[in-house]
Amino acid sequence: MDKFAIVMEDVVKNFEDVTAVNHVSLHVASGELFGLLGPNGAGKTTTVNMLCGLLKPTSGSVFVGGYDVQKENVKVKELIGVCPQETATYPYLTGIENIELFGNLYTLDRKTLSARRDMLLEKMGLAQDAKRKVEKYSGGMKRRLSIILALIHNPQIIFLDEPTIGMDPQSRRAVWDFMQELKREGKTIFLTTHYMEEAEILCDRVGIIDYGKLIAVDAPKKLISKYGVANLEEVFIKLTGRKIREEV
Amino acid sequence: MKFQRVKALTSKEIKKTIREPAVLFMIFLFPIVFVLAFGMSFGGLGGSTQPVYALGVVNMDQQNTANYTLHFIDALSATKILSVQIYVDNQTAQDDLSQGKVQAVMLIPDGFSQSLVSYNAVPDDPSQWVNVTVSLYLDKGSIVATQAIPPIIQQVLDTFTNQDRQTVLTPVSLQIASYVETKQTSAFEFMAPGMFTFASIFLIMMVAQSFTQDRENGMMKRIRTTPTTPTEFMTSQIISYMLIALIQAVLVFAAIHLIGFKPNVDFSAYALAFVFVLIFSLSNVGFGLITATVAKTSNAATGLSFLFVLPQLFLGTFVGASLSSAAQTASKFVPSYYVTDALTSLFLRGAHVTSQTVLFDFATVTASCILILAAGIILYAKYYRI
């Protein structure tokens, strides 16, 4: 894989008269765990959607795994795993059926699918409930299942859009541990969150986005040190004059 | 195209239909409950007595050489669902109709026999035929009569024009005798072919709801992040709904059979009937996609789907047995009309699977359903990426 797993060059995305992403340039190295921070409506999900090929940028270029997302969409889709902000799962299927459906969409062979399914269910603490219909799951369980769906095909580049939102502290901690394990395996992880603690603990670097503009990019400790504050929350206040979660 | 993906998505869609109570009811239980309830009302289920409708006939035909009129009246009487009363003048017949003594009056026009003679002389050259119109006056106060009598008369009339062109024509009197349905026929049986069509129409609502729900809960977007191609996705949807339509048809047919609809036709007629239902399901997927394109939410999709469900229902199934002339013209523009017409020809008129009528219906249904499906896919893909 290229040195950079994700490259955005002067990307703009307009929705009619609203500029959701405003001239964003960003390089994420292969194997890096990068966090994009910002309040709701800052442009985080729009950025992820452009990186996954779901949205076409108004201008600028987006490369994932060395492939132009617009021109080589199929190659990109084979490389990436996406956990969207919504807990997008089929409620009338069981946990196992949801996982197997997505494994088949990635054309995994039966043996690989079975092994990955069991490993991920165990890691995410869903093995006991795997045969229950998803409509019976709690919000946190659905979110953990959603992460499994994104990882079933062992992707090299992983997009996690607010993956721990609404999770209890124990589940959140389990997901954090798993993300760190993925990083150790050399996966590139692009995480969006508005949990500052999550970003500080997990991310090699973070980017702070506000009103579509990327206003700071660096390692959490460097940003804290640069602005002479105690944590990332205060970095955000220093940069924008607002608390990140006021608008949540 | 990867079959593994198509199979997985098809299996998902079938599981949804089976596991979601509302979908299961609308797709499978509602048509069966409806058929059984209808059968109890109009058919032989539950040992109900056969209704008989009083039909006044005014014979104005002056033809003496080949008296088709008498054979026609005999054929109507032979159905045993009509009690024919002959009137010498129209005024008396109309008076009796207005007083409820008969439920319908039929005027056999002068030239009726001549018309059939001209048809039999050159059955394949309509320009040589003498055209006449049989007028029918119905008791507006009797919903049952207005629904049941016109298709019965139409069926008997059809036997005189020999719907099955594969059969060699024989002398008129013998030919009529061989085609007239002499067994006791219920109003339910006349409407049974339309019930096959009826069940499948509700797929429109299911398809529209399925697509809008998957949009609302983010599944459509999520599938687009996988390597699944639009062709694979749409193929899985079409296969799913064709399978559902097939299961529906089998269940509805079993229910109709249980009530007593047992047409004396060979296997090819049954096979073709199911092929018609399968092809018809394509148009329902198409209409469902058009609905899903317009509707922003699944609730809106449910309501909007009736814009397509109702015309198909009222113009193209048993519901439209006594349509106004304007509605009859409009019915020519809905695919369900041709499905019901073909099934009626196959099951009630005894038409062969390769008869002109059936082949024309088959060509019309196939062409229109493919066009509607294509329109649905194009429209949906234009506004929502698949």
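Convention: sequence-line order gives letters A, B, ...; per-chain numbering from 1. Scope of the values below: all heavy atoms of this structure, side chains included, with no hydrogens, waters or symmetry mates.
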A.B. asks: Is the shortest side-chain heavy-atom distance between A:K77 and B:T228 below 4.5 Å?
C.D. replies: no
A.B. asks: Measure A:I152 against the heavy atoms of chain B and call it side chain, backbone, both or neither at under 4.5 Å.
C.D. replies: neither
A.B. asks: Do B:K15 and A:L93 come within less than 4.5 Å of each other through their side chains, counting heavy atoms only?
C.D. replies: yes
A.B. asks: Do A:N49 and B:K221 have side-chain heavy atoms sitting under 4.5 Å apart?
C.D. replies: yes
A.B. asks: Is it true that atom CZ of B:F30 has more than 12 heavy atoms of other residues, nucleotides or ligands lying nearer than 6.0 Å?
C.D. replies: yes
A.B. asks: Looking at A:T87, A:V82, A:N98, which one has more heavy-atom pairs under 4.5 Å with chain B than the rest?
C.D. replies: A:V82
A.B. asks: What distance separates A:L149 CG from B:T225 OG1, expressed to the nearest 0.5 Å?
C.D. replies: 10.0 Å
A.B. asks: Rounded to the nearest 0.5 Å, how far does CG of A:L101 lie from OG1 of B:T226?
C.D. replies: 8.5 Å
A.B. asks: Any side-chain heavy atom of A:Y90 sitting closer than 4.5 Å to one from B:K16?
C.D. replies: no
A.B. asks: Between the side chains of B:R222 and A:T89, does any donor sit under 3.5 Å from an acceptor?
C.D. replies: no
A.B. asks: Give a yes or no on whether a salt bridge exists between B:K12 and A:E100, defined as a side-chain N under 4.0 angstrom from a carboxylate O.
C.D. replies: no
A.B. asks: Kindly check if the number of other-residue, nucleotide or ligand heavy atoms within 6.0 Å of CZ (A:F15) is above 12?
C.D. replies: yes
A.B. asks: Is it the case that the side chain of B:R224 and the backbone of A:C52 share a donor-acceptor pair, with hydrogens and angles ignored and the cut-off at 3.5 Å?
C.D. replies: no
A.B. asks: Would you mind checking which part of A:Q85 comes under 4.5 Å of any heavy atom in chain B, side chain (CB onward), backbone (N, CA, C, O), both or neither?
C.D. replies: neither
A.B. asks: Is it the side chain or the backbone of A:F102 that comes within 4.5 Å of chain B heavy atoms, both, or neither?
C.D. replies: side chain
A.B. asks: Which bit of B:L9 comes within less than 4.5 Å of chain A, counting heavy atoms only: side chain, backbone, both or neither?
C.D. replies: both
A.B. asks: Does some side-chain heavy atom of A:E86 sit less than 4.5 Å from a side-chain heavy atom of B:M219?
C.D. replies: no
A.B. asks: Which pair of non-hydrogen atoms, one from B:P227 and one from A:L105, has the smallest distance, and what is that distance?
C.D. replies: CD-O, 4.1 Å
A.B. asks: Once rounded to the nearest 0.5 Å, what's the spacing between atom CD of B:Q4 and atom OH of A:Y106?
C.D. replies: 13.0 Å
A.B. asks: Does CD in A:Q128 sit with more than 12 non-hydrogen atoms of other residues, nucleotides or ligands closer than 6.0 Å?
C.D. replies: no
A.B. asks: Given heavy-atom pairs under 4.5 angstrom as the criterion, report whether the side chain, backbone, both or neither of A:K75 touches chain B.
C.D. replies: neither
A.B. asks: Hey, is CD on A:E181 packed in by over 12 heavy atoms from elsewhere, all under 6.0 Å?
C.D. replies: yes
